[in-house]
Amino acid sequence: MGLPREFHEQCRRLLERDFLKTFYQWTSEAASSVTNRIIESDSFVPEVKVCTAALDLMLQILNWDFRSNTSDTKVNVNVFSSGVRQDVDSLKRYECHLVQPGSDWRDVLILSGHIGWLLSLYAALRPKFSCEGYWLDCPIAVSARKLIVQFSSLTGTVFLSDDGKMHERHLLQLLSGILEWVDPPDVVSKAIENGKSESEMLDGCRTFLAIANVTTPYVFDGLLKSIRPIGTLTFLSILMSEVIKVLITSNTEEETWSWEARDILLDTWTALLMPINTITVNTLLPPEGIKAAANLFGFIVECELRMASASAFNDEGDSDYLRASVSAMDERLSSYALIARASIDVTIPLLTSVFSERVTRLNQGRGIIDLTETLEELYSLLLIIGHVIADEGEGEMPLVPNAIQTQFVVNSVEADKHPVILLSSSIIKFAEQCLNPEMRASVFSPRLMESIVWFLARWSSTYLMSSDGIVEKILDSGHHYEYSSKKALLSFFGEHNQGRIVLDIIVRISLITLTSYPGEKDLQGLTCYMLLHSLVQQKHICVHLVALNSWHDLATAFSIEKTLFLLDTAHQRSLAQTLVRSASGVRNSEESSQYVRNLMGHIATYIVEMSSKSDFKNIAQQPDILLSVSCMLERLRGAASASEPRTQKAIYELGFSVMNPILVLLEVYKHESAVVYLLLKFVVDWVDGQITYLEAQETTAVVDFCMRLLQLYSSHNIGKISLSLSSSLLSEAQTDKYKDLRALLQLLSSLCSKDMIDFSSDSIETQGTNISQVVYFGLHIVTPLISMDLLKYPKLCHDYFSLLSHLLEVYPETFAQLNSEAFTHILGTLDFGLHHQDVDVVSKCLRSLQALASYHYKETGNGNIGLGAHAMGLKDSSGEVQEGLLSRFLRSLLQLLFFEDYSSDLISVAADALLPLILCEQSLYQRLGNELIERQTNPNLKSRLANALHSLTSANQLSSSLDRINYQRFRKNLNSFLVEVRGFLKTV
Amino acid sequence: MSDEEHHFESKADAGASKTYPQQAGTIRKNGYIVIKGRPCKVVEVSTSKTGKHGHAKCHFVGIDIFTAKKLEDIVPSSHNCDVPHVNRTDYQLIDISEDGFVSLLTENGSTKDDLRLPTDDSLLTQIKDGFAEGKDLVVSVMSAMGEEQINALKDIGPKN
């Protein structure tokens, strides 16, 4: 405790090198010495406890995070990679712990027959489970099984580098030991259903997972072949089918053993098949394994569909549970997809036929029977297919999955016979039918539409008009064979082929989901955020979009039709953003500006007219007016956040035209916090998108506007107290206030950025706008609103202090001109921030202090007044002398450094702040130092402290200038000073 | 005083109904809604489906803006809900009478004397203390569906 980390590292290395193995040997000897007694006795003997404890200790030792040999393993990677995988990074996901003791351990673990002993111990225990004192989950059995699983994860240099032979033998031994826990699967699972404990089964599965993590699929498959006629992969597939069968027949809500076993086995498959995304299937899996995967996937699909149809009618309460398990389901589907891709040439046709069969069933049963079950089946099926044929982009452009790229060899003339194309086309054709009102009413339920929209979004980001340039490049590069499948796919749905038609269908479907499914927020959310949003990300798709009639219809519906006002307001914002962004596809900037004007013009006009109505104040609070004003503002905000250089002018004009109306609205809706927030957010987004482009004159207008906005907001809110009986409504009010202020701070920050990044043609100074003054003025208005209570919101606190430290660093001179009230307030917040728990906030405060103090020091050095009166001591009204700010902070900073707890990361920042403070207030520093020394009673410590204080300011040739080198020196000094004295200062 | 009351009644009804219909799906958190005949502020909205392939419905949790009682309601999201017309008006506080009524100055210069002080002690003290200190107070009065209540106060004294 209290010792440096390095010391602990040394201890751990020492323990690992010198003692762990010895401990292990002792334990294992102790365990083996009692083994015979246990095996011979038929009833419970005390030795069992000894043995259990020994096994537990061995497990603990093997759980040690072995370090000593990590460098060895890296060297040996090539030797092992033939049989044993070393790619630990990809394994992290499965939280599987690899046991990698070094080669020193070989004699104990491998050569001594240790494994054989353990397996025979367990084998001897098994028949005893019926005896008194033993049962399947008795401590000794549990420990023994855990240890066996642990042994399966053994890897690294503990094995000889003989092409993995030794490792294979080791695994085989373990595998044959555990096989009877799970084999034959059907018998075992029946026994469990009849009341046997499932722990052997689960531990068996865990062993498979452990083995899969340390071997390649080939080795994995081969292990079982030497003792059984089938390979391990085939066995795994049979085992998993059995588990799934049990899972769907039991079909209960709570998590059963089959649930857990399924997850473990899925992880096993994932561990085996993960590299399929980089290596071709044929080199990864033996043919038998591919077949096993195909069978398993077929069975999985069948079962998933059966589960879907069985669950079609249970709802209610279920929904919360479902939402919680969505991510779990996503993970499960990705594992399924891996299995499917292992045998892609079988699974795609399978999926196609299952899909078209369900569609036929829908068409036949339409209007005659209840289709809910089929709908639910289709829902699951679409999710599965989506996962199989496309990857999630996670913000990047997803590629066509490797298996699909390489497994199909298709002649380009017959592209439309490509299985993936067949599958995609049949789904799109099915989806298109929702455009027909009659079909829509009878078949396309909101939930089915959700899966369709989800599928289209996922599919289109991989396949639709995908990066055509690459296709051309591939053509040139001559890898015809290798990429022909990909090329056929991409060009089929490319710009010059079916792409446009499919795009049109997608847009029309989107329009339908937005207009014909009233109130279905989830569906519309998917459409706005996933589907449409991803379409406009690529410019070449935008080019086609803006040329489509359907897109034009969408835009028209957006700007004039009433129905789209019924969408969730956040969705409207996203839609506005999407539509404005698509303007990047319009040929030239003139036309794209016109496009934006057409789109948003109505909205601006509405706001202008509304705000100029004479009776607006009276009608404003009516719910219908309130709703439409909120919608309009959300749309404006969406458009503002889609600012691009091309449409910037149009969006500026848009914002400019509503400037005054915005102020009117702010006045009228001052009590309607939701509207106020929308207003502020719109202004924030608009300014943020525009500020860097604005010319001087425009900047002046915008800045004036912002200041008026700030003043108005502050006049409404200063001194306001909300009253309510309900505490939750009161806390809502507090939260609203916090959100507003955060928006205002963002506004100020983006105004600040004008000084940093400016694309306009002339300098803003020409119009006499001084950003720093403006921002200070803004801060002046805002700070009184920021109470200490509000600073407890971490995000607000963060924003506030980053703005503050930025301001103080860049424009300390304007800070000095603030009036004393605002000044005191800011200092108060700095003081608060200095004692904050968040390291980031503290370091920002320290940086602000550094800026202030160094400014003052430099200015006074040049004969100016620097911070002037603020730095001096003042007499306040009650006649007490108040310290100047610098002395005050010097005091509190020293207090912090010497006596309080803080993160050691802060020391260097603190040093940077301390140096200028000391230089400014030399005499005070001397006094404080002397006080400190005087207080020390122990003469020994006293002299140490005096020396340390002396060297703090004199060692390393510290001079009294504020340059980089000097700061660095002082950092070093402070560090050694703290090391020297903090220990006794804190304890005394 | 009876004159004043009459005046208020007619103002409340002037050209505006007490509630408006609005699609349930468009009502968001922090909006208003009528639940069981009471004007509420929505503090929670969640959506679910009637049956897996049925239509969405919204589950609202609201807090009565006058009594602070919690109320809940479930409405299909394509159906209409009643949304109360919630109005807030600022008045300057002139006097607090012994019997628990306040006297407020309206925009057109007359007084409004029909409003009771809040009964809750803490709210009451906030208003009374502020008034006793001689600050210029502006109270904002929230009214909806024929009821009204003081819901905020603001000190405009020293600033302007």
Side-chain angles (χ1 to χ4, degrees), chain A residues 311-320 371-372 375-376 379 445-448 517-524 565-570 615 618-627 630-631 670-674 677 715-729 732-733 736, chain B residues 14-16 19-20 22-26 28-32 41 43 46-58 63-70 76-79 83-88 90 118 120 123 126-127 130 135 140 142 149-160:
Chain A
S311 70
F313 290 106
N314 49 1
D315 60 308
E316 302 295 340
D318 208 13
S319 63
D320 283 340
L371 293 168
T372 315
L375 292 179
E376 188 58 23
Y379 175 85
S445 73
R447 186 170 157 91
L448 181 61
Y517 287 86
E520 300 292 343
K521 276 190 205 168
D522 294 343
L523 173 59
Q524 287 155 352
F565 281 104
L566 294 178
L567 292 180
D568 191 279
T569 44
D615 61 341
N618 293 328
I619 59 168
Q621 307 288 338
Q622 286 174 20
D624 51 341
I625 306 285
L626 205 62
L627 178 68
S630 321
C631 289
K670 61 183 172 188
H671 292 302
E672 204 58 65
S673 58
Y677 182 65
S715 76
H716 291 157
N717 287 284
I718 277 196
K720 182 175 164 180
I721 304 169
S722 300
L723 301 176
S724 173
L725 280 174
S726 154
S727 60
S728 71
L729 284 189
E732 287 291 326
D736 287 339
Chain B
T19 62
Y20 284 76
Q22 188 176 323
Q23 202 189 70
T26 62
R28 296 184 73 181
K29 191 179 173 221
N30 287 334
Y32 296 101
K41 183 161 187 165
V43 288
S46 54
T47 49
S48 55
K49 286 195 167 69
T50 11
K52 271 205 172 140
H53 290 271
H55 294 284
K57 57 193 180 194
C58 299
I63 290 181
D64 188 320
I65 51 176
F66 296 117
T67 67
K69 290 236 167 56
K70 198 170 174 184
S77 51
S78 55
H79 287 206
V83 176
H85 181 176
V86 181
N87 222 334
R88 291 193 199 72
D90 286 351
D120 184 82
L123 305 190
Q126 286 189 57
I127 298 181
K135 288 179 185 160
S140 103
M142 173 173 65
Q149 199 176 59
I150 296 176
N151 83 321
L153 83 160
K154 198 158 111 77
D155 174 7
I156 54 163
K159 276 275 154 187
N160 315 2

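On a predicted model such as this, the values are computed, not experimentally measured, just so you know. The figures that follow rest on heavy atoms only: side chains count, while hydrogens, waters and symmetry mates do not.
B/I65 approaches B/M142 most closely through the heavy-atom pair O-CE, 3.6 Å.
Note on B/T26, B/N151, B/N30, B/V83: by heavy-atom pairs under 4.5 Å with chain A, the leading option is B/N151. Interface summary for chain B: among A/G519, A/A674, A/C631, A/S630, the most heavy-atom pairs under 4.5 angstrom belong to A/G519. Interface check for chain B: of the options A/P446, A/P623, A/A570, A/S673, the most heavy-atom pairs under 4.5 Å are formed by A/P623. Contact count against chain B (heavy-atom pairs under 4.5 Å) is highest for A/L566 among A/D568, A/L566, A/L567. Highest contact tally toward chain B, considering only A/L627, A/L448, A/N717, A/L626, is held by A/L627 [criterion: heavy-atom pairs under 4.5 Å].
B/D90 has a carboxylate O that lies under 4.0 Å from a charged side-chain N of A/K670, or vice versa, which qualifies the two as a salt bridge. Between B/K41 and A/E732, none of the side-chain N atoms (NZ, or NE/NH1/NH2) sits under 4.0 Å from a carboxylate O, so this pair counts as no salt bridge.
No part of B/P76 comes within reach of chain A, as not one of its non-hydrogen atoms sits under 4.5 angstrom from that chain. For B/K29, the part sitting under 4.5 Å from any heavy atom of chain A is the side chain, from C-beta outward, and nothing else. Contact of A/L523 with chain B is not made at all, since no heavy-atom distance falls under 4.5 Å. For A/T569, the parts sitting under 4.5 Å from any heavy atom of chain B are the backbone and the side chain alike. Interface remark: A/A620 contributes no atoms to any contact with chain B (heavy atom separation under 4.5 Å).
B/Y20 and A/Q622 share a side-chain donor-acceptor pair at under 3.5 Å. Judged purely by distance below 3.5 Å, without hydrogens or angles, the side chains of B/Q23 and B/H79 never pair a donor atom with an acceptor atom.
One N or O on the side chain of B/K154 and one on the backbone of A/S715 form a donor-acceptor pair closer than 3.5 Å.
Within 6.0 Å of the NE2 atom in B/H55, the count of heavy atoms belonging to other residues, nucleotides or ligands does not exceed 12.
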